[in-house]
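Here is the structure we will look at, set down as structure tokens.
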Amino acid sequence: MLFRSITVRDGQLDVERASGSTANGSISARFGVMPTEDAAKVHLVFEGDNLLLGASKDLTREEIDLSPKYEMSVVLDGSGLTLRELAASLNGQVQISSSGGRTESTALRFFYGNFIEELFMAINPFAKTDPYTEVSCVMLVADIENGRIEAKPGMALQTSKMNIISEGRIDLRTEKLDINFKTAPRKKISISAGEFINPYLKVGGTLADPHLALDPTGTLVSGGAAVATLGLSLLAKAVWDRVFSAADPCAQVAVQAEENRQKKK
């Protein structure tokens with residue numbers, strides 16, 4: 001890691017540029033901490049290019065060359081005296097994208113967090129039998145406002161066998177989760193009983209205690225009422241369906257995210 005132009009003045013830290021590169025990608029970042037009377041203001045800009053993410057073991061050169069490479073952009077601002085206070089005050093944006101490649105099936109856990117093995121197997125049942133997944137594209141877009149991470153729709157993952165679209169929110173103040181998934185096969189494929197694709201899934205609970213809800217009939221049971229729309233408004237469902245039916249759902253997620261941001265201005 002190469003640091004350039006680091007200054008400390010009156011308790012304020014400024015890292016104008018930190019950068020580094022390896023055979024598995026390059027990163028650059030700007031970072032600043034400014035003390036105030038009752039807190040510290042933090043600003044972070046992070047950019048990653050051609051990154052290898054989620055590998056669970058040492059890969060051969062051939063496996064690295066075939067693996068998806070990711071572009072990452074993170075901009076965060078917040079303030080606080082503790083990590084909890086800082087998380088609760090965060091504002092910013094996160095975007096991760098890839099044009100695809102062949103990856104270990106277990107590596108896809110990277111994008112869904114530590115939501116237990118059950119969730120991953122429900123999202124990608126082919127991981128039980130296929131050691132590798134052919135990824136066509138990945139797009140993850142999230143906005144953070146006052147400690148609330150919101151992605152509507154937040155992620156598209158297209159593989160050779162499946163489309164997976166997710167949207168939802170995470171409240172860093174309370175750690176409450178509300179994330180919905182919609183999945184479907186891309187084309188006619190042979191699906192065994194152990195590879196049944198659940199078209200609707202939901203993760204609720206908290207970061208410390210997540211809960212998975214799924215219904216093989218295609219409806220989600222939430223609050224005692226079965227609903228086929230995951231509780232989305234008609235407008236939100238229209239956006240959801242537009243992304244899901246797009247030939248390139250990853251590009252559609254990026255387009256929709258930009259439209260949402262323009263509406264907020």
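What you see below is based on every heavy atom in this structure, not just the backbone, and it leaves out hydrogens, waters and symmetry mates. Note that the structure is a prediction, hence the values are computed from the model and not measured. Note that the numbering runs from 1 along the sequence shown for the chain.
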I need the [X] [atom1] to [Y] [atom2] distance, nearest 0.5 Å.
X	Y	atom1	atom2	result
L157	M155	CG	CE	4.5 Å
I27	S21	CD1	OG	9.5 Å
L140	M72	CG	CE	8.5 Å
R61	L66	CZ	CG	10.5 Å
Q252	I165	CD	CD1	9.5 Å
M162	T133	CE	OG1	9.5 Å

Would the distance check show the side chain of [X] and the main-chain N or O of [Y] forming a donor-acceptor pair, the cut-off being under 3.5 Å?
X	Y	result
R173	R84	no
T103	S67	no
S79	A39	no

Same cluster (ILVMFWY, side-chain, under 4.5 Å), [X] and [Y]:
X	Y	answer
F46	L76	yes
L86	L44	yes
L207	F181	yes

Chi angles and distances behind the side chain to side chain contact (heavy atoms under 4.5 Å, CB included) call for Y70, N50
CA-CA 5 Å; Y70 296 89; N50 203 39; over 6 Å; no
Can E167 and K152 be counted as an ion pair, charged N to O under 4.0 angstrom?
no
Name of the residue among E47, Q95, Q93 meeting side-chain hydrogen bond (donor to acceptor under 3.5 Å, both in side chains) with S73
E47
By side-chain hydrogen bond (donor to acceptor under 3.5 Å, both in side chains), Q158 pairs with (sequence neighbours left out) N163
Stepwise side chain to side chain contact (heavy atoms under 4.5 Å, CB included) check, L52 with I64:
CA-CA 8 Å; L52 181 66; I64 291 174; 4.2 Å; yes
Checking I149 now: which residues fulfil side chain to side chain contact (heavy atoms under 4.5 Å, CB included) with it, not counting sequence neighbours?
A142, I144, I170, L172
Report the C-alpha distance between F31 and V42 in whole Å, list the side-chain angles of each, state the deciding distance to 0.1 Å, and finish with yes or no for side chain to side chain contact (heavy atoms under 4.5 Å, CB included).
CA-CA 8 Å; F31 181 72; V42 177; 3.7 Å; yes
Within a 6.0 Å radius of atom CG on L83, are there more than 12 heavy atoms belonging to other residues, nucleotides or ligands?
no
Can you see whether E145 engages N91 through a side-chain donor-acceptor pair at a distance of less than 3.5 angstrom?
no
Does D178 form a salt bridge (charged side-chain N to carboxylate O under 4.0 Å, His left out) with R169? I'd like the steps, not just the answer.
CA-CA 5 Å; D178 182 13; R169 53 204 55 81; 3.2 Å; yes
What's the shortest heavy-atom distance between D248 and C137, and which atoms?
OD1-SG, 4.0 Å
Go through the steps to decide whether H43 and D77 satisfy the test side chain to side chain contact (heavy atoms under 4.5 Å, CB included), and finish with yes or no.
CA-CA 5 Å; H43 175 70; D77 288 281; 2.6 Å; yes
Taking the side chain as every heavy atom from C-beta outward, state whether K41 and T36 have any pair of such atoms under 4.5 Å apart.
yes
